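In what follows, a single structure is set out as structure tokens and then discussed.
The shown structure was predicted, so the numbers you read here are calculated from the model rather than taken from an experiment. Index from 1, following the sequence.
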Amino acid sequence: MNDGIRVTMSHDLEGTVIKVAGELDMDTCPALHEATAAAAADGAPLRLDLVGVPFMDVIALHLLLDLDRDFQQRQASLTISGFQRQPTRLLTLTSSNHLLRRTPPHDVGLYKERLCPVIGGNQG
């Protein structure tokens, strides 16, 4: 795992949860890609929690868009939540907001003070 990012995976009754903490960029995206690939392989619904990600670059954006596209093609459930200010701004500047469906946050109480717009993937 890259020292610049922490990726943790857990399972609950609703599926797999991946929590990310740290900056998502060209150097750290491989760790997230590895975790999401492992999670996607089991076919369970995936929740990707990015509340701990203060910065992401366009490489990370492409990773999320590719992940979303993969889940849509497999008709699998993906929810991405917790976008902070800069990642939200990146979505806006690249006109990518509409490519990921907005859904309510999973754990509103935990992130009430830091909560940013929530993006969900599966359009199905």
Side-chain angles (χ1 to χ4, degrees):
M1 183 180 302
N2 190 303
D3 291 333
I5 190 172
R6 190 175 75 231
V7 179
T8 58
M9 187 182 321
S10 62
H11 302 277
D12 62 20
L13 295 176
E14 296 178 19
T16 304
V17 180
I18 295 178
K19 293 185 179 188
V20 184
E23 295 186 355
L24 274 177
D25 57 26
M26 181 174 66
D27 294 327
T28 60
C29 275
L32 179 58
H33 182 265
E34 185 178 312
T36 58
D42 73 12
L46 174 61
R47 289 194 324 271
L48 184 57
D49 180 350
L50 302 179
V51 76
V53 178
F55 172 85
M56 74 178 204
D57 67 9
V58 74
I59 302 295
L61 175 60
H62 280 280
L63 174 64
L64 296 180
L65 293 172
D66 289 346
L67 181 65
D68 180 58
R69 187 176 313 111
D70 177 55
F71 270 70
Q72 285 185 39
Q73 288 173 348
R74 293 185 299 109
Q75 297 181 349
S77 175
L78 170 67
T79 302
I80 306 172
S81 65
F83 281 85
Q84 292 193 31
R85 183 175 306 197
Q86 187 278 333
T88 299
R89 181 81 172 128
L90 178 63
L91 289 172
T92 301
L93 289 173
T94 60
S95 299
S96 300
N97 320 27
H98 69 284
L99 298 176
L100 302 170
R101 183 181 57 160
R102 294 181 184 268
T103 60
H106 182 72
D107 294 318
V108 174
L110 294 176
Y111 307 123
K112 188 173 181 181
E113 294 178 9
R114 295 179 53 200
L115 189 64
C116 293
V118 174
I119 310 298
N122 189 353
Q123 300 283 343

Between OG on residue S96 and NE2 on residue H62, distance to nearest 0.5 Å
7.5 Å

How far does CG of L93 sit from CG of L61, to the nearest 0.5 angstrom?
10.5 Å

Is the shortest side-chain heavy-atom distance between [X] and [Y] below 4.5 Å?
X: D68; Y: L78; answer: yes
X: T79; Y: L48; answer: no
X: L65; Y: L67; answer: no

Give a yes or no answer on whether the side chain of Q86 reaches the backbone of M56 with a donor-acceptor pair at less than 3.5 Å.
yes

May I ask you to decide if L91's main-chain N or O and S95's side chain share a donor-acceptor pair within less than 3.5 Å?
no

Does the side-chain contact (heavy atoms from CB on, under 4.5 Å) test come out yes or no for T16 and M9, once each step is laid out?
CA-CA 7 Å; T16 304; M9 187 182 321; 3.6 Å; yes

Scanning both residues in full, the closest heavy-atom pair of L24 with T28 reads CA-OG1, 3.3 Å

For D12 and E14, the nearest pair of non-hydrogen atoms, with its separation, is OD1-N, 2.8 Å

Tell me, please, which residues at least two apart from R69 pass salt bridge (Lys or Arg N to Asp or Glu O under 4.0 Å).
D66

Once side-chain contact (heavy atoms from CB on, under 4.5 Å) is applied, do any residues pair with I59, and if so which ones, sequence neighbours excluded?
M26, C29, D57

According to side-chain contact (heavy atoms from CB on, under 4.5 Å), who are the partners of P54, at least two apart in sequence or on a separate chain?
E23, Q84

Look at the side-chain heavy atoms of Ile, Leu, Val, Met, Phe, Trp and Tyr, link any pair under 4.5 Å apart, and say whether V17 and V51 land in one connected group.
no

Passes side-chain contact (heavy atoms from CB on, under 4.5 Å), T88 versus N97? Steps please.
CA-CA 8 Å; T88 299; N97 320 27; over 6 Å; no

Check side-chain hydrogen bond (donor to acceptor under 3.5 Å, both in side chains) between R74 and all other residues, then give those that pass, not counting sequence neighbours.
D70

Side-chain polar contacts of residues 33-44 - donor-acceptor pairs under 3.5 angstrom, sequence neighbours left out - could you list them?
residue, atom, partner, partner atom, Å
T36, OG1, L32, O, 3.1
T36, OG1, H33, O, 3.1
D42, OD1, A44, N, 2.8

Kindly determine whether D49 and I18 satisfy side-chain contact (heavy atoms from CB on, under 4.5 Å), including the steps that lead there.
CA-CA 6 Å; D49 180 350; I18 295 178; over 6 Å; no

